[in-house]
Amino acid sequence: MLQIENLSVDFRVDSGWISSVTDVSFTLGPRASLGIVGESGSGKSVTALSVLRLHAARNTRMRGRIMFDGQDLLTLPERRMREIRGRDIAMIFQDPMHSLNPVLTIGDQIGETLRIHQKLDAAAAQKAAIGLLDMVRIPDAARRVTDYPHQLSGGMRQRVMIAMAIACRPRLLIADEPTTALDVTVQAQILDLLRDLREEIGMSVILISHDLGLVAEFAERVLVMYAGELVEEAPSLTMFARPAHPYSEGLLKAIPSADEDVGRLYAIPGRIPDPGRRPPGCNFAPRCPLVQPACTAAPPPLATMEPGHLIRCPVRLAAMETTG
Amino acid sequence: MLKLIAFRIAQAIPVMLVVAVLTFLLMHLLPGDPATIIAGDQADQASIDQIRRDLGLDRPVPVQLWHWIVNLAQGDFGRSLMLNQAVADAVKERLPVTLSLAMLAFAITLPFGIAFGVIAAVWRDTWVDSAVMILALVGVSVPNFWIAILSVILFSVTLGWLPSAGYVPLHDSFSGWLASLIQPAVVLALFQIGYLARMTRSAMLDVLDQDYIRTARAKGVAVNTIIVKHAFRNTLMQVVTVAGYILSLLIGGSVVIEQIFALPGIGRLLVQAIMARDYPVVQGTMLLLGFAFVFINILIDLIYAYVDPRVRYD
Amino acid sequence: MTDATTLPAAAMPPRSARRRILMRRLWRHRSFRVGAGIVAVIVLMAVAAPLLSGGQPNAMSLRNRFAPPSADFIFGADNFGRDIFTRVLYGARISLWIGFASAMLAAAGGALVGMASAWFRKLDGIIMRIMDALLAFPAILLAIGINAALGPQVSSVIIALASAYVPRMARIVRAAALVVRELDYVDAARVSGAGAGRIIFRHILPNVMAPLLVSVTFVFAYAILAEAALSFLGIGPPPPHPSWGNIIAEGRDYSVEAWWIMLFPGLAISLAALGMNLLGDGLRDVLDPRLKIEA
Amino acid sequence: MADTTDPIIRVRNLSRDFQVGGRGRKRQTLHAVSDASFDVLPGETLGVVGESGSGKSTIGRMLVGLLPATRGEIELFGETITGPSGKQALAKVRHKLQFVFQDPHAAMNPRMRISDIIAEPIDVRGGWTRKDRADRVAELLELVGLSAAFADRFPHEFSGGQRQRIVIARALALDPAFIVCDEAVAALDVSMQAQVINLLMDLQQRLGLSYLFIAHDLAVVRAVSTRIAVLYAGEIVELSDKRSLYTDPKHPYTQALLAAIPRPEVGTRKPPIRGEVPSLLNRPPGCTLCPRCPKAFDRCRTEAPALREVAPGRKVACHLYDGV
């Protein structure tokens, strides 16, 4: 259904263009769930925003192809793109406080999606909005529909965002760090809600997060991004049980556990390179415990390790082949 | 809402008191003895003393202040020295002129200032933006009295389209009123249009940068709808907060403009009073204008509360 | 994304280079460049007035009364036959000085009041009520009032304009200082036992300089305009000393027949204010992009 | 070692109210912290866990004198810093207290050099020669794993992880005995977070520090703490040693928090607790968790439970354990 091929995104800065996302490719079928994990600056959110082409056009350069239903979203005229946004592909964001318009009622904001794409009149849209609020389990929906965002709690606001996103029963929902701004107990509620809605509507979901545990719980497949590149793709249980790329491995080991007492944590040495100052060759090479001279010479390709499990690390790949 | 109104009015009382005290102190604590100035250079000591007694200046300052406040509370703003008239009456006569001028200029400022700002923000970094912003910058950089004189030369003297001076009351003739005020009002509005356009543009750009605009785009909302429905109302909230400042600039500017177009307004009264060293009038006019702005600011707070649901429902 | 602008420590420029980077960014800003150019030219011309014009600003010459612009009098001459070009040059000295001095004085006063209000929360209510009261007067009216009380001199114009702009400056400084005082580094200083003096002068003041500097340039522009308006009303610096405002005031009666008397000083005022405004726009964009235009 | 030594910090019935909502009748009292009592022993880390609005930061700020207490008593190193002579008492022990902030960007004055930032506690206390001061700065930088050559640089030249190291170096300047870490790793990426946690643990070992470690992340708290206090809506609901808290949580809220942690194996997580943290303005009588609690019974609605010892070293505020 969604096929991203060699997507690269550059941003304009003071001194020219810097590359944010480099050569990202992946596919997503109908009714599937995919997680994208990475630290800040990994390009995970940039990738997601590219699918809906929500970057400021003047300061962004995108290359590659984003195929959705057989058409390339990157070459679609803006008018056609607008028809897809909210109807076929919807998105929710990290900060529900600032993602809702403070001067419009939540009913108005939810109904707007339906008024645009299904040409409902105001009364019908309002009625549908109440139904949607019910669907995202906001109690007393008929009364709440005329509330303004500031009258709701953080969790409720994120539910409103979700109601808005699913209004037209999209085929793809992109959730960009949907629970990061929320408390732990509320995070679990929102996650369960998203899972149930995915079943109910039969949509695909891309969940973007810095939290590997969260993504693994939610998604069938996980992509790990580092410094603008896809470094590993695997089914989530595989990713959790035996990550293959040294970065994924290090990331997993660096997360403290609430289930057992660990001694000293493993810490990946060094720091994430800034965009525009990425090293030659493999981006992770300066921090990598497996680094070989060849790693710093040329950027390594993303290669299949086993069916459905891809990594961007020739060193690990070679080691696997000799042992396996 | 009613509670809010009552609360804001209650809050205004101390401000008005401070305004009154400041006006008083301005005239009494600064160097220079009003009596000497009023009496003129040739006056002898006896007449200076007489004036001082007449004005009550021989009493201690706190007593004078007390009398001033007590009189104010009774609606007595003092008596003019040059006009042989109560200050309140003198101001009342001239108020309609200044009010007409300021309101007309305000009515011109709002649509143009906001429209230019929005246009510049929407076409950000294009030639449209540059052109509008250069015009706005010229607006806030050119002295209005100078433009007024140039305008009179062009429209009144050379073309003869508009009167160059004088005021026609509204109840005499609407067209006469408009003709007598349109030129001064437009000239007066130029600075404020520029100022408001610059403000609106930066507020609009700020709003367009917000997450909820991205949410609207993600829903597939058309650009025009985003601007009109999602961005403009939020921009307006920021613009409302400077409306009071704009009015204050307009009243200030009208002092100068009234001189050029010989409009018998408060500004003219004030300048005449200063020239004639008519201190009670200076004091009284400043005070009344000060009070007026306290109330304008209350009004703006209330409008703001109406526009912003976060305040309205608090 | 958020880290996009930070540079890695390994390739870090030292402090002088950091200044250089800031200067380069300012210089790349078109409005700043144009504004700085205009202001520099005007200031240079004011300083070098005796070199640019051989005459005296008050030298009268009945023979040349109302001489239109020509090779001898490039801006023409006035009703006393005084050379307008020379008068505008010398007028720049007074007008610029008034603009500069009142902006500086307003900044100092505003900084003091604003910081005190932001730091001593108990004083805040009363200080801000007084500022509100002062703000209730249009700046030009306040200046007229103060000037009327002090009498017509250059110094009273400066004091009047400065006092008129103190409340606005104070508000800007207070708003910035209130943001800074809630920042963690102020708390860090308090945990270490730092007193009010250290916190205000080491932590808050340096971090409110950017908005202050930006508003100073705007107030400079407003003050030039306000000085001209005061002079025009006859309550500015007294004639015969030329200021841009009173040259226009004197030329007003002849504005139809001898338009040059008032045209050129008006252009000078506009150009100076335009230059300062452009400069301010540039400073704001580079130093303090979140600051709203307000002064 | 915990039971043989006297506590360095003793907190009894500590409460903090805030007045909110303007003046007059609209003014309401917000109970940010109610009746908190706990000790901190030398060399231990007391973890404080809670969601937003739990009052955890307020407690931390009161302990170092950033915020006065409304009621109750704080005794630091034998000095009572609350009450009438609290100011003088605080001045006596101030050099033994320090604070590490959540956001390392905001915690440093951008216009000061690293050397001046780190030496601020020294400068405030006074009495050091310039050479001693410079030597100390170099020593501190190396102690937190940075080069002494960084002393002349400015904060913006460093990454988030490096900045947090600098903030820690400043905290160590006067050899404190007790440091409050308020969400000290929450703003950092996973790989940086592990580095900073390890640094804090190493420093504790070397310098014998005590920490009050405030966090919302249960896994992070488990990694660093000796004992843990769980906060809900301004009250300590459970106070326990680390191991028993995670293996056998007593309070229903603690159970809910642990249950909400995402698990990679699909379907292993229990349904989350309903609702969100209540407003701290109008406290219902009875237990604050009651409206959300799956185990609530009649008594919970009318009577607030007190924090009582239910087993050696374990305290819980819940009526379920009244019989124990």
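Here is the naming used below: chain letters follow the sequence lines, and residue numbers restart at 1 for every chain.
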Flag yes if more than 12 heavy atoms outside D/Arg130 fall under 6.0 Å of its CZ atom; otherwise flag no.
-> no

D/Met112, CE atom: more than 12 neighbouring heavy atoms under 6.0 Å = yes

Kindly give the heavy-atom pair with the smallest separation between D/Val124 and C/Ala194, and that separation in Å.
-> CG1-N, 3.6 Å

Interface residues of residues 175-188 of chain C facing chain D - non-hydrogen atoms under 4.5 Å apart = C/Leu183, C/Asp184, C/Tyr185, C/Asp187, C/Ala188

Knowing that exactly one of D/Glu120, D/Gln98, D/His95 qualifies, which makes a side chain to side chain donor-acceptor pair (under 3.5 Å) with C/Ser192?
-> D/Gln98

D/Arg125, part contacting chain C, at a heavy-atom distance under 4.5 Å | neither

Is the number of heavy atoms from other residues, nucleotides or ligands under 6.0 Å of C/Trp119 CH2 greater than 12?
-> yes

Quick one: which residues of residues 139-148 of chain D reach chain C at under 4.5 angstrom, heavy atoms only?
-> none

Which atoms of C/Arg198 come close to chain D, meaning under 4.5 Å heavy atom to heavy atom: side chain ones, backbone ones, both, or neither?
-> side chain

Check whether D/Leu66 gets within reach of chain C through its side chain, its backbone, both or neither, counting any heavy atom under 4.5 Å.
-> both

Does atom CZ of C/Arg30 have more than 12 heavy-atom neighbours, drawn from other residues, nucleotides or ligands, at distances under 6.0 Å?
-> no

For chain C, which residues of residues 81-94 of chain D have heavy atoms nearer than 4.5 angstrom | D/Arg94

Is it true that atom CZ of C/Phe100 has more than 12 heavy atoms of other residues, nucleotides or ligands lying nearer than 6.0 Å?
-> no

Among all residues two or more places apart in sequence or in another chain, which pass the side-chain contact (heavy atoms from CB on, under 4.5 Å) test with D/Asp175?
-> D/Arg136

State whether the number of non-hydrogen atoms from other residues, nucleotides or ligands found under 6.0 Å of C/Leu44 atom CG is greater than 12.
-> yes

